[in-house]
Amino acid sequence: MTFVRGRKAERKTVIEEDEFKAMLRRAGEDQPHEYYALRDRALLCILWKTGKRRGEVARLEVADLEVDRERGLLHITFTLEKKRRGSILTRRRTKTLSLEDPYVKPILEYLEYLKRLSPGCRYLFPSTRWNPLTGALTIIGDRHISGVQVWRIVTRAGPEAWPHLFRETQGARVVRRYGNTITGVFAVKQRLDLEQIQTAMRYVERYAVDLIEPEENVL
């Protein structure tokens with residue numbers, strides 16, 4: 001973990017689109033089975049478009065994805081878990097993406113492949129076993145991958161990235177769109193499903209660029 005903290009401390013920027021495209025390319029290379037290439041690309045695209053936490057992505061079920069082709073939308077419903085005085089409270093939050101978005105295509109390709117490969121699979125990103133001697137892939141549909149596995153998928157595709165950096169990136173993209181405004185604060189809060197407005201304000205403080213209007217008749 002020391003290495004990871006050091007890498008975080010050294011990095012000063014969020015993920016830009018060119019870097020993400022390179023991560024997608026690497027995710028599809030040198031994989032032992034086509035399944036892993038499709039899975040990793042889909043997982044990265046979900047992180048990129050939603051900025052959700054790695055545990056929330058890992059826990060996604062196949063039923064949490066609803067494709068509305070009539071309206072051209074993909075609905076992804078996440079389960080958020082919050083610890084409260086020894087208990088865990090859960091909430092459901094849905095993010096909606098356009099089917100025209102190029103980063104939605106890898107998600108749909110993987111979803112269709114998984115349904116063909118393992119009908120009845122419960123989790124979107126199930127645990128697997130790969131036998132390099134026989135080339136056999138086993139899908140364990142009633143158990144999802146761990147947060148550590150999500151971390152490994154991300155760092156394999158981008159050695160200078162980690163899962164939470166996608167969350168920072170989404171926050172930064174929202175702030176860049178709305179600027180240092182109250183609208184920007186609430187947009188960050190909604191996009192990242194934050195409980196506290198103060199947390200959203202910290203994103204704005206980090207990523208907003210102050211625009212100084214030229215003054216007239218300055219002596």
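Note: hydrogens, waters and symmetry copies are ignored here, and every other heavy atom, side chains too, is used. Small disclaimer: the values here were computed from a predicted structure and weren't measured.
Counting heavy atoms from C-beta on, the side chains of Y113 and R39 never come closer than 4.5 Å. Residues C45 and D101 form no side-chain contact, since every pair of their non-hydrogen atoms from C-beta on lies 4.5 Å or further apart. Within the 4.5 Å cutoff, the side chain of I139 has heavy atoms near those of the Y35 side chain. Counting heavy atoms from C-beta on, the side chains of T183 and V185 never come closer than 4.5 Å. Under the 4.5 Å side-chain criterion, counting only non-hydrogen atoms from C-beta, V154 is not in contact with L165. Using a 4.5 Å cut-off on side-chain heavy atoms (C-beta onward), M201 and T199 make no contact. For the pair E195 and L80, the minimum side-chain heavy-atom distance is 4.5 Å or more. Taking the side chain as every heavy atom from C-beta outward, F166 and F20 approach each other to under 4.5 Å.
When the options D68, V67, I107 are evaluated for a side chain to side chain contact (heavy atoms under 4.5 Å, CB included) with L99, the one that passes is V67. Under the side chain to side chain contact (heavy atoms under 4.5 Å, CB included) test applied with F78, the options V57, D193, T94 reduce to a single match, V57.
Side chain of R41 to backbone of L24: a donor-acceptor contact under 3.5 angstrom is found. Without hydrogens or angle criteria, Q149 side chain to S146 main chain gives a donor-acceptor distance under 3.5 Å. The closest donor-acceptor contact from the side chain of K95 to the backbone of R191 lies under 3.5 Å.
Residue T169 holds its OG1 atom at 10.0 Å from CG of L47, rounded to the nearest 0.5 Å.
Residues forming a salt bridge (Lys or Arg N to Asp or Glu O under 4.0 Å) with E112 (at least two apart in sequence, or on another chain): R69. Listed by chain and number, the residues in a ring pair (Phe, Tyr, Trp, His ring centres under 6.0 Å) with F125 are Y110 (sequence neighbours excluded).
Screening residues 147-158 for salt bridge (Lys or Arg N to Asp or Glu O under 4.0 Å), with sequence neighbours left out, gives no hits. Within the structure, every pair that satisfies the salt bridge (Lys or Arg N to Asp or Glu O under 4.0 Å) test and touches residues 56-67, not counting sequence neighbours, is listed here: K52-E56, R53-E56, R59-E81, E61-R122, D64-R92. Counting only residues at least two apart or in different chains, salt bridge (Lys or Arg N to Asp or Glu O under 4.0 Å) contacts with residues 165-174 comprise E168-R206. The side chain to side chain donor-acceptor pair (under 3.5 Å) analysis of residues 25-34, with sequence neighbours excluded, yields the pairs Q31-D40.
In the hydrophobic cluster analysis, where Ile, Leu, Val, Met, Phe, Trp and Tyr join through side-chain heavy atoms closer than 4.5 angstrom, V104 is grouped together with L65.
In this model, no donor atom of one side chain and acceptor atom of the other lie less than 3.5 Å apart for Q170 and Y203.
Summarising the geometry of A27 relative to L44, their closest heavy-atom pair is CB-CD1, 3.7 Å, with the distance given to 0.1 Å. Residues L114 and P126 approach most closely at CD1-CG, 4.3 Å, considering heavy atoms. The minimum heavy-atom distance linking T96 with H75 is given by the pair OG1-ND1, 2.9 Å. The two residues I145 and A58 have their closest heavy-atom pair at O-CB, 3.4 Å. Across all their heavy atoms, G184 and Y178 have their closest contact at CA-CB, 3.5 Å. Across all non-hydrogen atoms, the minimal contact from V174 to A187 is CG1-CB, 3.5 Å.
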Next on the checklist: Set out, in order, the CA-CA distance, both residues' side-chain angles and the distance that settles side-chain contact (heavy atoms from CB on, under 4.5 Å) for Y103 and L97, then state yes or no.
Outcome noted: CA-CA 9 Å; Y103 297 116; L97 307 174; over 6 Å; no
Next on the checklist: Between K49 and L74, is the side-chain contact (heavy atoms from CB on, under 4.5 Å) condition met? List the steps.
Outcome noted: CA-CA 12 Å; K49 295 303 299 183; L74 171 64; over 6 Å; no
